[in-house]
Amino acid sequence: MEIEDNIETFNSLIKRRSFIWGPSPEIYGGLAGFYSYGPAGMELKHNILSMLRRELRYFGFGEVECPTIMPEIVWRASGHLERFIDPVIKCEECNTQYRVDKLLQEALPDTIIDGLSFEEMEELIKKNRILCPKCGKVFQKIEEYNLMLKTVIGNDTIAYLRPETATTTYLLFNRLDQDARRQYPIKIYQYGKAYRNEISPRQLVLRMRAFDQFEIQLFIGKEQEMDFEDYFELKEYKLPLLDWQIQEKKIDTPNLISLEQAIKKKILKKPAFAYCLYLGYYLTKKVGIPEKVIRYRQHSPHERAHYADDAWDLEIKTNQFGWVEICGVHDRTDYDLKRHGDYSKQDFKVSMGSDPNVKEIPQILEIAFGIDRIIYTLLENAFNVEDGRINLKLDKHLAPNTVAVFPLVRNKEKIRNLALKIHRDLLEFRIKSFYDAAGSIGKRYRRQDELGTPFCITIDYQSLEDNTVTIRERDSMNQVRVDISEVPNIINK
RNA sequence: GCGCUCGUAGUAUAGUGGUAAUAUGCUGGCUUCCCAAGCCAGCGUCCCGGGUUCAAUUCCCGGCGGGCGCACCA
């Protein structure tokens, strides 16, 4: 069978080998923007999460988990209610839908549209006789398109599914502050589902309506942002930075530049923020994304989120979808805690600097990963077709199976029994072992290559005589013969 | 949401106004072999709803879903 090295082969692989299925529910035709993970996909996801959690523990971060549904007041305070509901207007004639604010801004470049109410915008449309750009008809009423999914708790409490995990983390600030015993920065992260009612979800798991976020937060003082201990150890470290000013010159290759240089050249303002960029980059590399497909792209001032003072997207180059954002690093300033302080009538001012009499609302720096996007870009980058062989080059700690065990032949009971015993012994060590006796030996190797299994162990006639087996390494396909007792060590090495 | 286009076994495709095929896959058996080997037997498909028709997987309409472009993506 001819195996072509193309995106179709990849797309069918992730379905065939139970990584990603959908749109779900498939048997009912599917709903756009919703996908399921199969057993292999979940193994991969869990392995990625374990790796991230382990690394973050090393960097001194703790984990929290909050409800995915929060009452309206939370989203009013966070600014999402205001910013996530877009005013749209529909032309009755040609059915085309427009964002009212964008339409107005284009028609009236000198008017400030931001912050106008629906009524005021309707008024502007009437007064300036703005017609449908497509067919020239008169517009009717402005409607709202809500990017947040709304629900009702009990009988009449309006609530929303969280559009990001970050906000729910911030609500814990006074608890975290106690827990951290005023040692700043407070380093905390949250992993979990977030929901956005995307207008047109596309591109597999890259733009879903229910997706996983892994959001890392630093609560930090203004003084500490500029004089941050962790930064000094890694200020020499170089990152591929594409700042917004280079982008304006239509350049899209990043500069490999040290954090220190970036600060000096005023590409970055704060050492603590530079540390966040480093951490995002470090974690991305840790899960096995190669350096050459990673870059940091800075948002231009008008591209930024409502809460952000500075924003950089960590992007991965993919074959199918070009550069894909997998992580956003944001300087959220004291925006969030200020707002939640105001709305909840709590005082979030704490003394964080050298002078205990000076109290301030903490600044927040955020590193927000989209786990589903990591999974997709990782799979795509791991995918290789080599001499007609599909090889998924996943890091051995991430592969769904760490090892597969095969009897060379199936109809020799002694060989089969020894293979099964070795498989069970590996499981006893809690090594992710998979046993397979079906089909030819070559076919079994190929099946495991498609799942990214780093090692295959084959039990043959010689094994019965001298207690040795062969271990085959996925990428080289090289085999070495070793004593059975050595197997766990070699795999865990 | 709009426009174009597509929707056939698990996967990839062919084809047709008279309910379907090729490869691969999967199951059982034989063979026993170190890189998708062979043999035998078997399994499995026309996205959903409506219309036209004696008869629809095929034609028409609507829906749902995919791809591309526009818009959107804090």
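Just so it is clear: chains get the letters A, B, ... in the order the sequence lines come, proteins before strands, and each one is counted from 1.
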Trainee: Quick one: stems for RNA chain B, with Watson-Crick or G-U pairs under 3.5 Å, at least three in a row?
Mentor: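 Stems found: B:1-7 with B:64-70, B:10-13 with B:21-24, B:25-30 with B:38-43, B:47-51 with B:59-63.
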Trainee: Any cation-pi pair here, Arg295(A) with Trp323(A), using under 6.0 Å and within 45°?
Mentor: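 Judged by the rule (NZ or CZ under 6.0 Å from the ring centre, within 45° of its axis), Arg295(A) counts as positioned above Trp323(A).
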Trainee: Counting side-chain heavy atoms from C-beta on, which of A37(B), A71(B), C35(B) comes nearest to Lys443(A)?
Mentor: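 Nearest to the side chain of Lys443(A) among the choices is A37(B).
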Trainee: Classify the side chain of Gln479(A) versus the base of C34(B) as yes if they form a donor-acceptor pair under 3.5 Å and no if they do not.
Mentor: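 In this structure, the two groups form a donor-acceptor pair.
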Trainee: How about Glu465(A) and Tyr461(A): does a side-chain donor come under 3.5 Å of a side-chain acceptor?
Mentor: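 The answer is no; no qualifying pair exists.
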Trainee: If I pick the P atom on A55(B) and the same atom on A71(B), what distance separates them, to the nearest angstrom?
Mentor: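 About 48 Å, rounded to a whole number of Å.
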Trainee: Regarding Arg297(A) and Gln247(A), is there a side-chain donor-to-acceptor distance under 3.5 Å anywhere?
Mentor: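 Side chains of Arg297(A) and Gln247(A): pair found under 3.5 Å.
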Trainee: Quick one: label Thr9(A) by what it contacts on the DNA or RNA (base, sugar-phosphate, nothing), any heavy atom closer than 4.0 Å.
Mentor: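 Nothing, no heavy atom under 4.0 Å.
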Trainee: Could you tell me whether the side chains of Asp372(A) and Tyr37(A) share a donor-acceptor contact shorter than 3.5 Å?
Mentor: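 Present: a donor and an acceptor within the cut-off.
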Trainee: Answer yes if the side chains of Asn401(A) and Glu43(A) hold a donor-acceptor pair under 3.5 Å, and no otherwise.
Mentor: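 On atom types as modelled, these side chains do not qualify, holding no pair under 3.5 Å.
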Trainee: Side chain of Ile199(A) only, heavy atoms from C-beta on: which candidate in G65(B), C72(B), U32(B) is closest?
Mentor: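 Of the options given, the side chain of Ile199(A) lies nearest C72(B).
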Trainee: Find out whether the Lys NZ or Arg CZ of Arg472(A) is both under 6.0 angstrom from the six-membered ring centre of Tyr445(A) and within 45° of the ring's axis.
Mentor: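 Cation-pi check for Arg472(A) and Tyr445(A): passes.
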Trainee: In terms of the nearest nucleotide of RNA chain B, which residue is placed more toward the 5' end: Lys15(A) or Glu198(A)?
Mentor: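 That would be Lys15(A).
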Trainee: Using the P atom on both, measure C59(B) against G17(B) and round to a whole Å.
Mentor: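 Those two atoms are separated by 9 Å.
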Trainee: Aromatic rings Phe214(A) and Tyr191(A): how do their planes relate, parallel, tilted or perpendicular, breaks at 30° and 60°?
Mentor: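 Phe214(A) and Tyr191(A): tilted rings.
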Trainee: Starting from the 5' end of RNA chain B, give me the residue, Ser440(A) or Leu408(A), whose nearest nucleotide shows up first.
Mentor: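 Checking each residue's closest nucleotide, the 5'-ward one belongs to Leu408(A).
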Trainee: Between the base of C73(B) and the side chain of Arg196(A), is there a donor-acceptor distance below 3.5 Å?
Mentor: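 Answer is no: no donor-acceptor pair is held.
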Trainee: Using a 4.0 Å heavy-atom cut-off, does Phe34(A) contact any base of the nucleic acid, only the sugar-phosphate backbone, or nothing at all?
Mentor: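 No contact at all - Phe34(A) keeps every heavy atom at 4.0 Å or more from the nucleic acid.
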Trainee: Let's test your reading of the model: under 3.5 Å, does the base of C34(B) pair with the side chain of Tyr445(A) as donor and acceptor?
Mentor: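 Indeed, a donor on one side and an acceptor on the other fall under 3.5 Å apart.
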Trainee: Nearest to the side chain of Ile390(A) - A36(B), U32(B), C35(B)?
Mentor: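 Closest nucleotide to the Ile390(A) side chain: A36(B).
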Trainee: Specify the separation, in whole Å, of atom CZ of Arg446(A) and atom C1' of A37(B).
Mentor: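 My rounded result for the distance is 12 Å.
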Trainee: Taking only N/O atoms, report every protein-nucleotides 67-69 of chain B pair under 3.5 Å with atom names and distance.
Mentor:
residue, atom, partner, partner atom, Å
C68(B), N4, Arg202(A), NH2, 3.2
G69(B), O6, Arg202(A), NH2, 2.6

Trainee: What's the closest nucleotide to the Arg410(A) side chain, out of G65(B), U32(B), A12(B)?
Mentor: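 So the nucleotide nearest the side chain must be U32(B).
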Trainee: Would you check if there is a donor-acceptor pair between the side chains of Thr169(A) and Gln190(A) at a distance under 3.5 Å?
Mentor: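 There is such a pair between these side chains.
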Trainee: Gln203(A) and Tyr376(A): side-chain donor and acceptor closer than 3.5 Å?
Mentor: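 No, Tyr376(A) and Gln203(A) have no side-chain donor paired with an acceptor closer than 3.5 Å.
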Trainee: Would you kindly check whether a donor in the side chain of Arg16(A) faces an acceptor in the base of C26(B), or vice versa, at under 3.5 angstrom?
Mentor: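 A donor-acceptor contact between them is absent.
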Trainee: Between Arg332(A) and Glu215(A), is there a salt bridge with N-O shorter than 4.0 Å?
Mentor: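 No, this pair does not count.
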